[in-house]
Amino acid sequence: MNIEKLAKVLEALPKYRVKQAKEAIFKNLIPDWNKASFLPLALRQELNEKCPLDIKAEALVSKNKDSVKARITLEDGLLIESVLMRHKDGRNTVCVSSQVGCPLGCGFCATGLAGFKRNLTPMEIVEQVIFFARYLKRGGKKVTNVTFMGMGEPFLNYDNVLKACRIINSKDKLGIGARNISISTAGIIEGIEKFAKEGTQINLAISLHAPNNELRSRLMPINKRYHLERVLDAVDSYIKKTKRQVMFEYLLIKDVNDTDANAKDLARIMRNPLYYVNLILYNPTMGNSFRPSTTERVKKFKEILKKNKIVFSQRFRFGQDIKAACGQFAGEKK
Ligand code: SAH
Ligand code: SF4
């Protein structure tokens, strides 16, 4: 899919044609200009040539059908992955990638281990949502939520990510509410500061994964540059300005960050009433020896948070069998 030349191709036509064409892409979700019967045949052919709408992707559906992974081949041949999660409550969340790979190299993350190739363009991000919007449309359903928790660090591709968000949010484009869009960052402070000034309802999430600098720096090398206290200061300024809740993602990795002491330290730094913790059971990936915490450990960890009145939830695990869970987006060819 590439609609960069759309304005140019439609330049000589009356304004309503441009509107119709955009509706065809974002509302009717056509995968081929030949489906745009309101346009003259010659124009449809020209559009198919210059602004192709097809998305080269391979879709993998999990056994219980609650998640679908799309492996998309970009124009330059690079691969990215996105996932659709079909929640029982009717929400259909698309988890999108913002970069091909990720330069931050967190040791527990399959994307980080695969290295970094390049940033995605705004439309390469939007295309991932369109892919699943088309998929769901066949069953009369819609994408309701978008999270930037696929491959890459969204705040290292700030402008393109925000441009993509505007297209995803815009009423005359995909029309997904800002409150239903979330951006997760490993803690890029400049990004958090800039995001605070956007005046948007888009949600902010922080990948925390450790309650102190020593451990966090070991798990997430970026912490050596942006220390925990500085990240939390930036989040506090964001909250002061926006009055919005912030989610802190905390992976539970066996014998790494799941001790009672870790839970107490976490409780101590999470006291802000607008913070809440999202616990994620570690998904084993290739290339490291990390394991998920035991059920018993998770229970104890949660008890400590509860005792300290920390607001938390535990993330449901989707699509283990198709490697569609958080941190399993490697983009590798089978
Ligand atoms: N780079 C951003 C957004 C993408 S990662 C960030 O790190 O926030 C999305 C989430 O998946 C992050 O919280 C990340 O830490 C988590 N994750 C990475 N590897 C994982 C794994 N193996 N199991 C579970 N979650 C993982
Ligand atoms: Fe990058 Fe996020 Fe993976 Fe870390 S967890 S390597 S920041 S994608």
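Counting convention: from 1, in listed order, for ligands and their atoms alike. Just the heavy atoms: all of them, side chains too, but no hydrogens, waters or symmetry mates, feed the values below.
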Please identify which atoms of ligand 2 are closer than 4.0 Å to at least one heavy atom of Leu104.
7 (S)
Heavy-atom closest contact (Ile72 atom, Ala57 atom, distance)
CG1-CB, 3.8 Å
Distance filter under 4.0 Å to Ala186 heavy atoms, resulting ligand 2 atoms
7 (S)
Does any N or O atom in Ser184 lie less than 3.5 angstrom from one in ligand 1, N or O only?
yes
Closest heavy-atom approach to atom 24 (C) of ligand 1 among Thr185, Leu251, Leu104, Ile183 is made by Leu251
What is the ring orientation for Phe195 with Phe155, classed by angle as parallel under 30°, tilted 30 to 60°, or perpendicular over 60°?
tilted
Among all the protein's non-hydrogen atoms, which is closest to atom 3 (Fe) of ligand 2, and how far away is it?
Cys109 SG, 2.4 Å
Consider every N or O of Thr285 and every N or O of ligand 1, then say whether any pair is closer than 3.5 Å.
no
Would you say the rings of Tyr276 and Phe312 are close, in the sense that their centroids are separated by under 6.0 Å?
no
Gly112: numbered ligand 2 atoms lying under 4.0 Å from its heavy atoms
6 (S)
Students should be able to answer this: which protein heavy-atom is nearest to atom 1 (Fe) of ligand 2, and at what distance?
Cys102 SG, 2.3 Å
Ligand-residue contact atoms, ligand 1 with Ala186, heavy atoms, under 4.0 Å:
6 (C), 8 (O)
Ignoring hydrogens and angles, state whether a donor on the side chain of Glu153 or Ser98 is under 3.5 Å from an acceptor on the partner side chain.
no
Are the aromatic rings of His209 and Phe108 close, with centres under 6.0 Å apart?
yes
Please name the pair of heavy atoms, one in Leu219 and one in Ala210, separated by the smallest distance, quoted to 0.1 Å.
CD1-CB, 4.3 Å
Atom pair OG1 (Thr185) and OH (Tyr226), whose distance is rounded to the nearest 0.5 Å:
9.0 Å
So, Tyr158 versus Asn119: side-chain donor-acceptor pair below 3.5 Å or not?
no
Regarding Tyr250 and Gln314, do their side chains bring together a donor and an acceptor under 3.5 Å, going by distance alone?
no
Quick note on ligand 1: atoms under 4.0 Å from a heavy atom of Phe148 include exactly 3 (C)
Quick note on ligand 1: atoms under 4.0 Å from a heavy atom of Phe108 include exactly 15 (O), 18 (C), 19 (N), 22 (N)
Which of these, Met247, Glu249, His209, Arg315, has its nearest heavy atom closest to atom 10 (C) of ligand 1?
Glu249
Atom indices of ligand 2, in the order listed, that fall short of 4.0 Å to a heavy atom of Gly152
8 (S)
Considering non-hydrogen atoms of the protein only, which is the closest contact for atom 4 (Fe) of ligand 2, and what is the distance?
Cys106 SG, 2.4 Å
N/O to N/O below 3.5 Å, does that happen between Gly150 and ligand 1?
no
